[in-house]
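The structure appears right after this line, and notes come after that.
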Protein chains: 2
Amino acid sequence: MFIPFTLSVLCAFSSHAMALSEAEQTQIELLKNTALNSDLSYQIVESLTTEVGHRFMGSEGDKKAIKWATAKMKSLGFDKVWTEEVSGPKWSRGEVKARIVTPFPHDVVVIALGGSVGTEQTGITAPVEHFKTLADLKMAPKGSLKGKIAFVSYQMTRHIDGQDYGPAVGARVEGASIAAEKGAIAFIMRSVGTDNNRIAHTGMMRYKEGVKKIPAVALSNPDANLLVNQFSREKTVNFHLKMTSNNPKGEMVKSANVIGEITGSEFPNDIVAIGAHLDSRDVGTGAMDDGLGVAMVLASAHHIAQLPVRPKKTLRVILFAAEEVGLLGAKAYVDKHKTNMDNHIIGAEWDFGLGRIYKMTPGVGASSLNGIRALANILAPMGVSLAPTNDARAQSDMSLLSDAGMPSINFSPDGSTYFDYHHTENDTLDKIDPDALKQNTAVYTVFAYFATQSAIDFRK
Amino acid sequence: MFIPFTLSVLCAFSSHAMALSEAEQTQIELLKNTALNSDLSYQIVESLTTEVGHRFMGSEGDKKAIKWATAKMKSLGFDKVWTEEVSGPKWSRGEVKARIVTPFPHDVVVIALGGSVGTEQTGITAPVEHFKTLADLKMAPKGSLKGKIAFVSYQMTRHIDGQDYGPAVGARVEGASIAAEKGAIAFIMRSVGTDNNRIAHTGMMRYKEGVKKIPAVALSNPDANLLVNQFSREKTVNFHLKMTSNNPKGEMVKSANVIGEITGSEFPNDIVAIGAHLDSRDVGTGAMDDGLGVAMVLASAHHIAQLPVRPKKTLRVILFAAEEVGLLGAKAYVDKHKTNMDNHIIGAEWDFGLGRIYKMTPGVGASSLNGIRALANILAPMGVSLAPTNDARAQSDMSLLSDAGMPSINFSPDGSTYFDYHHTENDTLDKIDPDALKQNTAVYTVFAYFATQSAIDFRK
Ligand SMILES: [Zn+2]
Ligand SMILES: [Zn+2]
Ligand SMILES: [Zn+2]
Ligand SMILES: [Zn+2]
C-alpha cells in the first residue's frame, strides 16, 4: 500500500479534536512527561543484560529470559501474562580460529555466521579468491572456485536509517551457497558492520537446498583490510580456518513468545500491539538488539497500567522468540492468531537504532490518516516528523503481522551507530544512551495510549 | 630543570636570523611542504603492520621487524645502518578464559597482563573482593583477601594529554603484588583504557621481590561494568579464571635496537636523535604503538636524505627494542653510549597520541632558548604552540637519554583517543589518521633539519 498524502489536506481538519477529548489530551501530556522523567526502561534493560545476558533461541539464557520476562510483566502491573511455544532448529557456535598463512602470516578475528557448519577437525587451508561484491562472486564462472575459499570484501557504509544493511547483508545470507555452487570449500566475508573494531559481526545465513554446505565466517573490519592489503602485494594468499560450529540435521529446540496485556476497559477485544524480540544473538548481552526494545515496550505498558483507569482498548505487549533465526516467533504468532488478526487494530515494534526517533511512517487505512496526524501533532515537539507516505510495515517480527493485515506504524530512530555493534560481543549496556531511551519510551507510551484510548479505527 | 621564561623576553631577539640563514629558511619551508604532501610515513606504517604485524620482544614478529627496519633504512637512503643487541626475560601469553560464576553467570573478556604467571591447570574459582581504587586495595587489612580474587574497578578518564594514564596504570603495574601481600590468589582489574569495547587492554606488570606471584588480568570496560553491577545485587560474586601464561624463571630472549644515520657534512660527531620503539605488545599490529612513531622518524630522515646536501650535523634515527617490557632497548643504548652521550645535542621521540601535535616543550640549556623560539616560529603556522616551561624530558625510551643529559624536545599530540586502542587487539592501521600523520611527520622533519643544520648548541 502506498498512499501519498499532503499535509495541507490534513491540516484542513481539526485533527486533535477528532481524536482525543480535552481530558485525554491532558492525560497524554502527563503520561509523556512521566515517561520522559522515568528511568524505568533503562532499569529494565540493565536488569535483562545483567541478570540474563545473551539469550539465543534454545540456550540457557533463552530459558532464563522467558522466566525473566514473565516475572517482569507481572511485577509491572500487566493484567494477563502468558507464553506461546515456538520451536526451531538447533545450532551451536563452537570455537573458531583463523589466520592468514601466506604471504604475511597474521592471526585474524572471525566469527561463525549463524547456522554455519564447521570445518573438518584439522581445519581448511586454501588459497583465497577475492571478490569486491556479492555480484562479482555471482559472476565467477562455474567451477572456478574449486578447492578455494571465496572472500567478499564489500564494506557497509554508515547511514541514519541503516539503508546499506540490505545491500551488505546479501553476502551474509546467501554468499556461502553461491560460493559452494562454484566449487568453493569455505566462504569468508567482511563483517556487515560500520565500525573499525577488531570484533566480527555474526547473523543468520541460509544454505540453498541441494548445494553443499560449506563453513561461513565474517572477519572484523580491520582484519578484512589486512587481508585485502595482502592482495596488493601477492596474487596468492592462503588462509586457514578451523571451526567446530554444529548444525545437527533435524534437531529442534523450544522457546516461547512472552505476551502480556493491559486489558481494555470498553473494547477488550480490540488489540493495540507493541513489541520487540526477547531473543538475541549468542554474543554480547543483547542490550541494543533488542533489549532496548523489550525495555521500551514494557515500560510503556507500565506507565499506562499506572493510570487510574484502563484505556478503552487492550494494549498487548508481544516479546517475540527466535527473531534472530528467521522470525520464528512472529511466524508462530501469526499462525496461532490468524483467525483473530483483524482484532489487531494497530501495531509497532522496536528493533533498530540507538538514537532518538525522528520520523514516524504510517501504514494504515486511508480514512484514519487524520488520526495519525493528530498523533503526529502530539509527537512533533519531541522532534518526530510525519513521513509523507502511508506504506509502512511494522519493524522486524511485526512486519509479518503487517503482511497479515495489521495496520502499523514504523517509528524511525537515528541508527547511525547501530551497525557498529549489531550482532557482536560489543552489544552491551554501555552502548545505550539513557536520554534517547527516555525520549523513545515516551514516544511509544504516547502512541500506545493514543491508540488504545481514541476511537480511531486504523483499519479503515 | 624548570626554567620558566616569558615570550616577551624572547621576542626582543630576532631569533630567526640567529638560527638559520635565509637560504636555510627557504630550504626548511620546502622540506615542510614536501613532508606535508608526502604519504611516505603512511606507506611505512602500512608496510610494517601488513608485512610484520605485532612484534613483541623475542617473538618471530620481533625478528622480522628488525630485518624489516634494517632493509627499510637502507632503501630510504640512510648513510649507515646497524643493530645493537638487547636482551630481556622471556614471557608467553598463552590462553585465558574467565567468567562470572555467580550470582549471574557471564563469560567475560579479559587479557593477561604482560609478565603475569598463569593459573593451575584447573583454573581458579573464588569470591571477588571489589575495590574502587588501588588506594582502597592498599588499605585492605593484611590477610583479609585470603583465598579471594582482588578486583580494582577504577575507570580511566579521557584527556587530550592522557593525564589519567598515570593514576590508572598503578593498579596494572603493582596491583597483583599488593593483593598477594594481603592473601589474594588472583588479581583482576578494569582495563586501563577509555573505550567501551569488549576488548581488554594489556601492558606490563611487575612482581615485588619476595611476594607470591599471582595471576593478573584486565577486564574490558563493558565486562568490568557487568561485574560491578553484580555487586549491586549480591554480596558474594564468584569468578573463574583459567590462564596458561608462562613466565619461565631466568630464560632470556634477544632483540636489537636498529639505528641509522644521515651523516653530518660538517660535524658528523654531533648527533641529533629522533626515535620511536620498534617493538610492540603481542596484540593488534602495533600500528599506533609505535608503528606511527617508527614511520614518522623514518620518513623525516628520508626527506632530509633527499636534499642535495647533507645537513651539518648527524641525524640519528633510533628504533628501540623492548620498550614494552621496561625500556630495555633504551637502557642498553644508554649503557653502550654513556661515554659519548654528550655528543647527543638534542633528541625527540614519538610514543603517544593519534592526533595532531599542538604543543612543543623544550628541555634545553637556557642560552639556547632563543633557538627553540626560532624553531617554534617555523612550527607555529602548523598549530604548534611553545610551552612556557623548559623542563621537558623526551618521551618514553628517550626519557632515559634525557636523564643521561641529552637536551630534549617533547612534541605533544592530541591523545584523546589513544587510550581507546592502547595495548589492545584494536591497535591496527585503520586507527591512523593519514592527515594528522602527514602534519606530524612535517613537524619532526622540520625539527630534524633545524637541529642538524643550525649552529645552536642546545646543551648550553
Ligand atoms: Zn533485532
Ligand atoms: Zn539481530
Ligand atoms: Zn609505546
Ligand atoms: Zn606500549
Side-chain angles (χ1 to χ4, degrees), chain A residues 43 45-54 59-61 64 68 93 95 97 99-100 102-109 155 195-200 220-234 237 282-285 287 417 420-421 424-433, chain B residues 43 45-54 59-61 64 68 93 95 97 99-100 102-109 155 195-200 220-234 237 282-285 287 417 420-421 424-433:
Chain A
Q43 282 173 24
V45 67
E46 195 269 352
S47 165
L48 178 59
T49 53
T50 305
E51 295 162 23
V52 178
H54 62 69
S59 68
E60 281 308 302
K64 269 201 273 183
W68 174 92
R93 168 166 302 285
E95 308 253 308
K97 292 227 166 188
R99 64 174 191 273
I100 300 168
T102 65
F104 302 107
H106 287 271
D107 290 333
V108 291
V109 175
Q155 176 142 30
D195 59 298
N196 67 351
N197 288 313
R198 209 90 185 277
I199 296 179
S220 83
N221 266 311
D223 291 284
N225 294 345
L226 201 54
L227 184 52
V228 168
N229 284 356
Q230 307 246 339
F231 284 100
S232 68
R233 288 163 167 86
E234 299 277 345
V237 175
D282 54 333
V283 290
T285 60
T417 61
D420 290 350
Y421 310 117
T424 71
E425 289 290 358
N426 237 348
D427 180 359
T428 46
L429 183 64
D430 49 280
K431 310 308 180 302
I432 306 302
D433 172 351
Chain B
Q43 282 172 25
V45 67
E46 195 269 351
S47 166
L48 178 59
T49 53
T50 305
E51 296 162 23
V52 177
H54 61 70
S59 68
E60 280 308 302
K64 270 202 273 183
W68 174 92
R93 169 167 300 287
E95 309 253 308
K97 293 227 167 189
R99 63 173 190 275
I100 299 168
T102 65
F104 302 107
H106 287 272
D107 289 334
V108 291
V109 175
Q155 175 141 31
D195 60 299
N196 67 351
N197 288 313
R198 209 88 184 278
I199 296 179
S220 84
N221 266 311
D223 290 283
N225 294 344
L226 202 53
L227 184 51
V228 169
N229 284 355
Q230 308 246 339
F231 284 100
S232 69
R233 290 164 166 86
E234 299 278 344
V237 175
D282 53 332
V283 291
T285 61
T417 61
D420 289 349
Y421 310 118
T424 71
E425 288 290 0
N426 237 348
D427 180 358
T428 48
L429 183 64
D430 49 282
K431 309 309 180 301
I432 306 302
D433 173 351

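Residue numbers start from 1 in every chain, and the chains themselves are labelled A, B, ... in the order their sequence lines are given, proteins ahead of strands.
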Query raised in the report: Salt bridge between B:E425 and B:K431, side-chain N to carboxylate O under 4.0 Å?
Result: no
Query raised in the report: Is B:R93 paired with B:D282 through a side-chain N to carboxylate O contact shorter than 4.0 Å?
Result: yes
Query raised in the report: Top residue by heavy-atom pair count (under 4.5 Å) with chain A, among B:H54, B:E46, B:Q230, B:K64?
Result: B:E46
Requested in this report: Would you mind telling me which of B:N426, B:T428, B:D107 has the largest number of heavy-atom pairs within less than 4.5 Å of chain A?
Outcome: B:N426
Requested in this report: Measure the spacing between CG of B:D430 and CG of A:N196 and express it to the nearest 0.5 Å.
Outcome: 4.5 Å
Report task. Would you check if A:D427 and A:V283 make a side-chain contact, meaning some heavy-atom pair closer than 4.5 Å? Result -> no
Report task. Against chain B, label A:T424 side chain, backbone, both or neither, depending on which of its atoms sit under 4.5 Å from a heavy atom there. Result -> neither
Query raised in the report: Considering only heavy atoms, which portion of B:E60 lies under 4.5 Å from any heavy atom of chain A: side chain, backbone, both, or neither?
Result: neither
Query raised in the report: Between B:S220 and chain A, which part of the residue has a heavy atom less than 4.5 Å away: side chain, backbone, both or neither?
Result: neither
Report summary line: Heaviest contributor of heavy-atom pairs below 4.5 Å to chain B, chosen from A:N229, A:N197, A:L429, A:N221, is A:N197
Query raised in the report: Run the side-chain contact (heavy atoms from CB on, under 4.5 Å) check on B:W68 and B:L48 step by step: do they pass?
Result: CA-CA 8 Å; B:W68 174 92; B:L48 178 59; 3.6 Å; yes
